[in-house]
Amino acid sequence: MIFLTFLPALVRRRPGRVELTVPALVRGGYLALGAAFVFLMSRSLGGSNPITWLFTVIIALASLSEDRWIFDAESREMRRRFGLLLAAKSWALDLDAISSFELDSDAWETASADPTETLPGAMRKGWCALRVILSDGRSVMLSAQPGKRLAALRNLGLAVAETLGKPFEEN
């Protein structure tokens with residue numbers, strides 16, 4: 001479902017730090033749809049119905065979820081943070097482990113079986129991808145988008161590479 005693939009938002013919290021995260025408009029849209037769904041359920045089932053409360057809790061928890069890549073030149077790390085805001089999982093790489101950033105204009109041809117290089121269900125013909133190339137030759141995919149978003153993905157990659165002082169390559 002290509003229309004549900006959103007370009008990550010670039011957030012600059014302070015100099016030397018950028019984040020790629022779910023856009024606020026997308027998060028707000030999902031929250032509004034969820035609230036409308038709960039409202040319609042409460043009108044048809046009654047406000048004190050347990051199913052209505054269950055969906056209210058689930059939607060509230062979904063609004064607290066996060067999925068972000070944090071690139072921090074000051075702390076010298078690239079961090080992936082995902083899950084519920086208060087109990088999110090996280091892992092980090094030292095910036096010395098990153099050799100460059102790569103924009104792959106035809107990610108379908110270079111998709112591999114390595115789970116760090118693919119996004120499940122995201123690789124389709126004509127798609128492009130933004131990757132972090134590690135010093136040991138492996139790569140980590142940051143985002144895969146339809147080919148029409150190549151220029152926007154390039155801008156994101158250039159901003160992150162510039163912030164960290166790393167090379168940016170296209171192929």
Among all residues two or more places apart in sequence or in another chain, which pass the ring pair (Phe, Tyr, Trp, His ring centres under 6.0 Å) test with Phe37? Phe55

Taking atom CG of Leu40 as the centre, does the number of heavy atoms from other residues, nucleotides or ligands within less than 6.0 Å exceed 12? yes

Should [X] and [Y] be regarded as members of a common hydrophobic cluster, given that ILVMFWY residues are connected when their side-chain heavy atoms come within less than 4.5 Å of each other, either directly or indirectly?
X: Ile51; Y: Ile59; result: yes
X: Trp91; Y: Leu20; result: yes
X: Leu31; Y: Met41; result: yes

Can you name the side-chain contact (heavy atoms from CB on, under 4.5 Å) partners of Asn155, sequence neighbours left out? none

Ser99: which residues meet the side-chain contact (heavy atoms from CB on, under 4.5 Å) condition with it, sequence neighbours left out? Ile133, Ser135

Under a 4.5 Å cut-off applied to non-hydrogen side-chain atoms, are [X] and [Y] in contact?
X: Leu153; Y: Leu103; value: yes
X: Leu93; Y: Leu134; value: yes
X: Asp96; Y: Arg76; value: yes
X: Phe82; Y: Trp69; value: no
X: Glu170; Y: Glu102; value: no
X: Leu142; Y: Phe71; value: yes
X: Arg14; Y: Glu74; value: yes

Would Arg81 and Glu66 satisfy side-chain contact (heavy atoms from CB on, under 4.5 Å), going step by step from the backbone distance to the final call? CA-CA 7 Å; Arg81 188 167 162 82; Glu66 70 174 321; 2.6 Å; yes

Sort and list the pairs that fulfil salt bridge (charged side-chain N to carboxylate O under 4.0 Å, His left out) and have at least one residue in residues 16-32, not counting sequence neighbours. Arg13-Glu19, Arg17-Glu19, Arg17-Asp72, Glu19-Arg68

Asp104 CG to Asn171 CG distance, which is reported to the nearest 0.5 Å: 4.5 Å

Can you list, by chain and residue number, the hydrophobic cluster partners of Leu54 when the side-chain cut-off is 4.5 Å? Ile58

Ile70: which other cluster members, linking ILVMFWY side chains closer than 4.5 Å, directly or transitively? none

Could you tell me which non-hydrogen atom of Leu7 sits nearest to which non-hydrogen atom of Pro23, and how far apart they are? O-CG, 3.3 Å

Which atoms form the tightest heavy-atom contact between Pro146 and Cys128, and what is the distance? O-SG, 3.7 Å

Whether the Gln145 and Ser143 side chains hold a donor-acceptor pair (N or O, under 3.5 Å, no angle test) is what I'd like checked. yes

Test: Asp67 and Arg80 ion pair at under 4.0 Å: yes

In chain order, what residues pass the side chain to side chain donor-acceptor pair (under 3.5 Å) check against Asp94, with sequence neighbours excluded? none

Ser90 meets the side chain to side chain donor-acceptor pair (under 3.5 Å) criterion, sequence neighbours left out, with Arg79

Please tabulate, one pair per line, all N/O donor-acceptor pairs under 3.5 Å involving side-chain atoms of residues 156-169, not counting sequence neighbours.
from	atom 1	to	atom 2	distance (Å)
Thr163	OG1	Ala159	O	2.8
Lys166	NZ	Leu95	O	3.0
Lys166	NZ	Ile98	O	3.0

